[in-house]
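Heads up: the structure comes next, in structure tokens.
All values reported here derive from a predicted model rather than from experimental measurement.
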Amino acid sequence: MVRSALGFAGLFVALIVGMKLIGFLLFGVLGLVFKVLWFAFLGWLLYRFIRWVSPSTGDRIRDTIKGRPTEA
């Protein structure tokens, strides 16, 4: 009886550790995705502000990001 109780306790501990590991990996990746999306949003806001202040600079930024050759 003690042996089966210890077996169930060991299984429970392994299950908790596994769930914590899977949760950490899943939400860690999800957190990184949201962080990248947040930085992309901030970059877009900065681009929109630069474009509003100086449209020619905004065009050069867009051309640089899209990979178009710049005029000398």
Side-chain angles (χ1 to χ4, degrees):
M1 180 164 172
V2 172
R3 185 175 178 189
S4 64
L6 287 176
F8 284 123
L11 181 64
F12 180 74
V13 168
L15 179 69
I16 294 297
V17 169
M19 287 176 61
K20 283 187 176 279
L21 183 64
I22 289 172
F24 173 74
L25 292 175
L26 179 67
F27 291 112
V29 169
L30 194 62
L32 286 175
V33 167
F34 281 122
K35 183 67 76 172
V36 168
L37 286 174
W38 176 248
F39 286 144
F41 175 70
L42 291 178
W44 178 78
L45 283 178
L46 181 64
Y47 166 74
R48 295 306 296 176
F49 178 75
I50 290 172
R51 183 128 173 103
W52 179 65
V53 173
S54 175
S56 64
T57 305
D59 288 338
R60 287 191 312 201
I61 291 172
R62 187 182 62 231
D63 291 342
T64 300
I65 290 173
K66 290 195 179 219
R68 296 183 184 147
T70 58
E71 298 173 6

Just to verify, which of Ile65, Thr64, Asp63 counts as forming a side-chain contact (heavy atoms from CB on, under 4.5 Å) with Ile61? Ile65
Kindly state each residue pair satisfying salt bridge (charged side-chain N to carboxylate O under 4.0 Å, His left out) with at least one member in residues 20-35, sequence neighbours excluded. none
From CG (Leu11) to CD1 (Ile16), nearest 0.5 Å: 10.0 Å
Should Trp44 and Trp38 be counted in the same cluster of Ile, Leu, Val, Met, Phe, Trp and Tyr side chains packed under 4.5 Å apart? yes
Say you draw a straight line from CH2 of Trp52 to OG1 of Thr57; how long is it, rounded to the nearest 0.5 Å? 14.0 Å
Are side-chain heavy atoms of Leu37 and Phe41 found at a separation under 4.5 Å? no
Say whether Val33 and Phe27 are linked into one hydrophobic cluster, either directly or through other cluster members, by side-chain heavy-atom distances under 4.5 angstrom. yes
Not counting sequence neighbours, list each pair that qualifies as a salt bridge (charged side-chain N to carboxylate O under 4.0 Å, His left out) and has a residue in residues 43-58. Arg51-Asp59
